[in-house]
Amino acid sequence: MAVARTRILESMDDPLFWPALEFYVESFPRDEREALSRVARVSSGDPVHCAGSEHRVHMAVVDVDGRLAGIRYFSYDARAKLGFFIYLAVKPEFRNLGIGTQLVEFGKTTCHKDAEEMGSTVEAIFFECERPELAESPEDRKVRDDRIQYFINRGAVVISKNYYQPALGPDRDTVPLWLLAYKLSRNPDWKSLVSLFHRLVLGYPHNSKEERLALAAMDHS
């Protein structure tokens, strides 16, 4: 029986390095993708990104007998005390086998490890989902609704329905999404965490329009 092993990519010599990058490009729309050069540097173990004193970024893969089954690109910020699950994708032939859940749990464990090494804690882990209300067809709407319900059934909560991913390049647009989270402390201050997330993790300026929109939506949820 094949064993699914999860690990962090740390070298271009890893046999799953190039398959992971190719799958990343295949899996996400252009406006939602970080520059491939940055993702490649993270996946190669570049210490500038992967071993910072306050912020770390990782690319994790699931290896099934040498075949790529899934990827998880994520970060942890000690100043905000937040993890950020940025990208998750599972190969079609490995879906419904628990690979996604394995990547989620691995990401949580790694964020806790990063926090401990930095002398900090993890209050929550944020992640994004496509807005169901912006679906272009009933079929797409169902896929988006089902995806969000999948995460809710596994402990996630909806934080804001009026959130915007920053533009990831000069020729890119902001992307309207929902912001969800896994709660990892007893009573997180969600509004404070959302503000810290926008400023310290996403790089928005203080009191940005995007931050205000996300916070205002929380008052009506």
Side-chain angles (χ1 to χ4, degrees), residues 2 4-12 14-46 49-50 57-75 83-108 110-111 125-132 134-137 139-151 154 156 163-169 171-182 201-202:
R5 304 183 187 280
T6 306
R7 67 173 187 274
I8 292 174
L9 285 182
E10 298 179 303
S11 170
M12 290 181 66
D14 190 301
L16 294 187
F17 177 86
W18 291 111
L21 293 187
E22 291 171 4
F23 187 45
Y24 164 72
V25 172
E26 293 171 4
S27 299
F28 302 99
R30 180 176 179 273
D31 282 343
E32 295 181 22
R33 293 199 309 264
E34 286 194 14
L36 184 59
S37 58
R38 173 178 167 81
V39 177
R41 290 177 66 184
V42 169
S43 302
S44 69
D46 183 342
H49 299 290
C50 304
V57 189
H58 305 287
M59 173 69 91
V61 296
V62 177
D63 182 333
V64 179
D65 292 343
R67 295 179 295 159
L68 179 71
I71 60 173
R72 160 64 83 192
Y73 187 76
F74 64 103
S75 69
F84 182 24
F85 285 175
I86 308 170
Y87 303 110
L88 169 68
V90 176
K91 288 272 190 174
E93 62 267 32
F94 291 103
R95 289 173 188 166
N96 302 313
L97 297 176
I99 299 297
T101 299
Q102 187 167 328
L103 284 164
V104 168
E105 294 307 313
F106 181 83
K108 289 179 181 179
T110 304
C111 285
I125 295 177
F126 283 175
F127 63 100
E128 307 156 335
C129 279
E130 293 176 304
R131 292 190 187 183
L134 298 183
E136 296 182 353
S137 69
E139 294 77 17
D140 185 27
R141 174 67 188 250
K142 184 178 186 308
V143 168
R144 297 184 184 199
D145 283 333
D146 288 349
R147 181 180 299 121
I148 289 170
Q149 192 59 50
Y150 170 89
F151 291 121
R154 287 158 179 78
Y163 160 81
Y164 288 84
Q165 180 198 72
L168 298 177
D171 59 342
R172 310 284 183 91
D173 294 322
T174 58
V175 182
L177 301 164
W178 280 17
L179 185 65
L180 288 80
Y182 294 108
V201 180
L202 300 181

Checking Arg144 side chain against Arg131 main chain: does a donor-acceptor pair fall under 3.5 Å?
-> yes

Say you draw a straight line from CD1 of Ile8 to CZ of Arg72; how long is it, rounded to the nearest 0.5 Å?
-> 12.5 Å

Is there side-chain contact between Val39 and Tyr24, with at least one heavy-atom pair below 4.5 Å?
-> yes

Does a sphere of radius 6.0 Å around CD in Glu136 hold more than 12 heavy atoms from other residues, nucleotides or ligands, not counting ones at 6.0 Å or beyond?
-> no

Do Lys142 and Glu139 meet the salt-bridge criterion of a basic N to acidic O distance under 4.0 Å?
-> no

Could you tell me whether the side chain of Leu88 reaches within less than 4.5 Å of the side chain of Phe74, counting heavy atoms only?
-> no

Nearest heavy-atom pair of Val64 and Ala69: which atoms, and what distance?
-> CG2-CB, 3.7 Å

Specify the closest pair of heavy atoms between Pro132 and Asp145, including all atoms of both residues, with the distance to one decimal.
-> CB-OD1, 3.1 Å

Can you name the ring-ring contact (aromatic ring centres under 6.0 Å, His included) partners of Phe106, sequence neighbours left out?
-> none

SB check Asp63 Arg67 (cutoff 4.0 Å) | no

Ile125 side chain reached by Cys111 side chain, heavy atoms, under 4.5 Å = yes

Any side-chain heavy atom of Thr6 within less than 4.5 Å of one from Val61?
-> no

Under the ring-ring contact (aromatic ring centres under 6.0 Å, His included) test, which residues partner Tyr164, sequence neighbours left out?
-> none

Interatomic distance, CD1@Ile99 vs CD@Glu93, rounded to 0.5 Å, equals 10.5 Å

Using the test salt bridge (charged side-chain N to carboxylate O under 4.0 Å, His left out), find all partners of Arg147 that sit at least two apart in sequence or belong to another chain.
-> Glu130

pair Cys129-Phe151: side-chain heavy atoms closer than 4.5 Å = yes

Would you indicate whether the side-chain heavy atoms of Arg154 and Thr101 approach each other to under 4.5 Å?
-> yes

Residue Asp146 excluded, over 12 heavy atoms near CG under 6.0 Å | yes

Gly70 versus Leu103, closest heavy-atom pair with distance | C-CD1, 3.9 Å

For the residue pair Tyr73 and Tyr87, categorise the inter-ring angle as parallel (less than 30°), tilted (30 to 60°) or perpendicular (more than 60°).
-> tilted

Between the CD atom in Gln165 and the CZ atom in Arg172, the distance rounded to the nearest 0.5 Å is 9.5 Å

With Phe94 via ring-ring contact (aromatic ring centres under 6.0 Å, His included) - residues at least two apart | none

Are Val57 and Phe84 close enough that some pair of their side-chain heavy atoms sits under 4.5 Å apart?
-> no

Any pair with a residue in residues 16-33 that passes salt bridge (Lys or Arg N to Asp or Glu O under 4.0 Å), sequence neighbours left out, goes on the list, sorted by first then second residue, please.
-> Arg30-Asp171

Could you check whether the rings of Phe127 and Phe85 sit parallel, tilted or perpendicular, using 30° and 60° as the cut-offs?
-> tilted

So, His49 versus Arg38: side-chain donor-acceptor pair below 3.5 Å or not?
-> yes

Atom CZ in Arg5, atom CD in Gln102: separation rounded to 0.5 Å?
-> 10.0 Å

How many angstroms lie between CE in Met59 and CG in Asp14, if you round to the nearest 0.5 Å?
-> 11.5 Å

Atom pair CG (Leu168) and OG1 (Thr174), whose distance is rounded to the nearest 0.5 Å | 10.0 Å

Result for side-chain contact (heavy atoms from CB on, under 4.5 Å) between Leu9 and one of Ser43, Ser44, Cys50 points to Ser43

Can you find a pair of side-chain heavy atoms, one from Glu128 and one from Trp178, that are under 4.5 Å apart?
-> no

With Tyr150 via ring-ring contact (aromatic ring centres under 6.0 Å, His included) - residues at least two apart = none

